[in-house]
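Note sheet for the following structure.
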Number of protein chains: 2
Amino acid sequence: METLSTSTVHLRIASWRKGQAIYRQGDEGRHWYEVVEGFVALCHYFGDGRRQVSRFAGRGDAFGFESGLRQFSAEALTDVGLVGHAFWDDRAPPIDMTPPSGSHPALQRALEAVENTMRLFSYPNAMHRTAAFLLQFSTYCEQPDIIELPMSRQDLADHLGLTMHTVSRSFSELARRSFFILEKPDRLKVLDRSGLEAMVEFEKMQGDDQLVA
Amino acid sequence: METLSTSTVHLRIASWRKGQAIYRQGDEGRHWYEVVEGFVALCHYFGDGRRQVSRFAGRGDAFGFESGLRQFSAEALTDVGLVGHAFWDDRAPPIDMTPPSGSHPALQRALEAVENTMRLFSYPNAMHRTAAFLLQFSTYCEQPDIIELPMSRQDLADHLGLTMHTVSRSFSELARRSFFILEKPDRLKVLDRSGLEAMVEFEKMQGDDQLVA
DNA sequence: CGGGGACTTGATGGTTGTCAAGAAATGTGG
DNA sequence: CCACATTTCTTGACAACCATCAAGTCCCCG
């Protein structure tokens, strides 16, 4: 951990280089982190080599709440700047993580992020799932119609439960249908955002009269 | 909400009947809940009718942390007993939801539960995914080798990202291979637990030398 | 005992994973 | 700055898997 500056004992700003692991599955957790700059992939490795990317964390997101052994690895997709918070020091926690009475704690946001990811899996096919992901991810991008992807096709595949090939085919198909242009593999220019939103039936979510039993 | 007893202003024990909704997507969240008895499905409805069951909550699990509008519906799969905690009253929170310094707060457990669900999606096919779910769920069952399922095949399908038919076929195939016997559709007797565990390559998770980049 | 819902099973077509090859992008050394 | 090597990405062909449609069976409850 390359410390750049230290404001208090339990709060450190540090940076990692692209490709480095911030921590690994199996490590003992001592800190949780907020992303200041760049992108991090949180992923779980299985014994047989499968990898599950549970979410990508960008500016403002927090991760690393496992206080015992890490269940995930945190991998820097780009050069990354983080604020690290020590678990063992709970004097004046820098972010409110107390019960959900008013404030909006980091842990709750992490839960929502994972739940958002889970929703991707309800889409019927690879193209819809890919489109839904792109819309989700576009909120991280500065220009509204340019999506720059810090992660590889394999990272996306491990996130979406598909293969790299199917992800690539989905991109190509969406581009063929003029939803966007693939300027480079990791940079796409959105032409028809509302078309994408319609395609993924963007979570009307209003309490439409769904009944139980 | 049928109140059975009231211990303080912000903590109520209540029960729901099988099939009832504890709350619905779109409602305003006022409480979070702990399950005392029975099972609850947390599910998200999409505008086009798709349903995603993000997790099942059993005894000891907590749910309902969305303090704004509910993103999920909570549906009672069986008769259910719950402890409800009001958000707006933070005097003496009944369960520790403070930062992860030692204790094991309810919110953190919920995050882990969703992350566990996500791992199911990394399995290559329906049978493996089903087997992995059954092993996960068996921890709720009292007798180690009898799994009683409170949820329907459709609930399972919405949880696993499959159709009811494929879930049913997976059950039949696993039974045909003698991993268990389907005594009834909702009750199965496990014959070969270690075989199931081997099949799903049960999370060795040890920091085996996985490298990044 | 009878009716209705839930579950199971068969047949078929569409989608995705696999295997394989080729194209594009990236990095390196001259 | 260019040539080459390496990695990443794309695309094609084929097989395996799953969703769909359609019956049929089982189970639960009246």
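Convention: sequence-line order gives letters A, B, ...; per-chain numbering from 1.
- Heavy-atom minimum distance, A/S54 versus A/H159: O-CE1, 3.6 Å.
- Protein atom CE of B/M164 is 14 Å distant from nucleotide atom P of C/dG5, rounded to whole Å.
- Under the 30°/60° scheme for interplanar angles, the aromatic rings of B/F46 and B/H44 are found to stand perpendicular.
- Rounding to whole angstrom units, CD of residue B/E148 and P of D/dC27 are separated by 15 Å.
- A/F121 has its CZ atom 15 Å from the P atom of D/dC18, to the nearest Å.
- A perpendicular orientation is assigned to the rings of B/W16 and B/Y33, their planes being inclined by more than 60° (bins at 30° and 60°).
- Atom CE in A/M151 sits roughly 16 Å away from atom P in D/dT8 (whole-Å rounding).
- Distance, A/F171 CZ to D/dT11 P: 12 Å, rounded to whole Å.
- Per the geometry, CG belonging to A/L182 stands 14 Å off C1' belonging to D/dT8, to the nearest Å.
- Residue pairs satisfying the salt bridge (Lys or Arg N to Asp or Glu O under 4.0 Å) criterion with at least one member in residues 127-147 of chain A, sequence neighbours excluded, are absent.
- Applying salt bridge (charged side-chain N to carboxylate O under 4.0 Å, His left out) to B/D158 and the options B/R51, B/R50, B/R153 leaves one that passes, B/R51.
- One finds no salt bridge joining A/E112 and A/R109 here, because no Lys/Arg side-chain nitrogen approaches an Asp/Glu carboxylate oxygen to under 4.0 Å.
- Taking atom CG of residue B/L149 and atom C1' of nucleotide D/dC27, one finds them 16 Å apart after rounding to whole Å.
- The distance from atom CZ of B/R176 to atom P of C/dT8 is 16 Å, rounded to the nearest whole Å.
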With B for base contact, S for sugar-phosphate-only contact and - for none (protein heavy atoms under 4.0 Å), nucleotides 23-28 of chain C reads --S---
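- Between B/H128 and B/Y123, the ring planes are tilted. Angles from 30° to 60° get that label.
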Taking only N/O atoms, report every protein-nucleotides 15-21 of chain C pair under 3.5 Å with atom names and distance.
from	atom 1	to	atom 2	distance (Å)
C/dT16	OP1	A/A126	N	2.3
C/dG17	OP2	A/T163	OG1	3.2
C/dG17	OP2	A/T166	OG1	2.2
C/dT18	O4	A/R169	NH2	2.8

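- Ring centers of B/Y140 and B/F39: under 6.0 Å apart, within the cut-off.
- Ionic pairing of B/E28 and B/R70 is not present here: no N-O contact between side-chain nitrogen and carboxylate oxygen is shorter than 4.0 angstrom.
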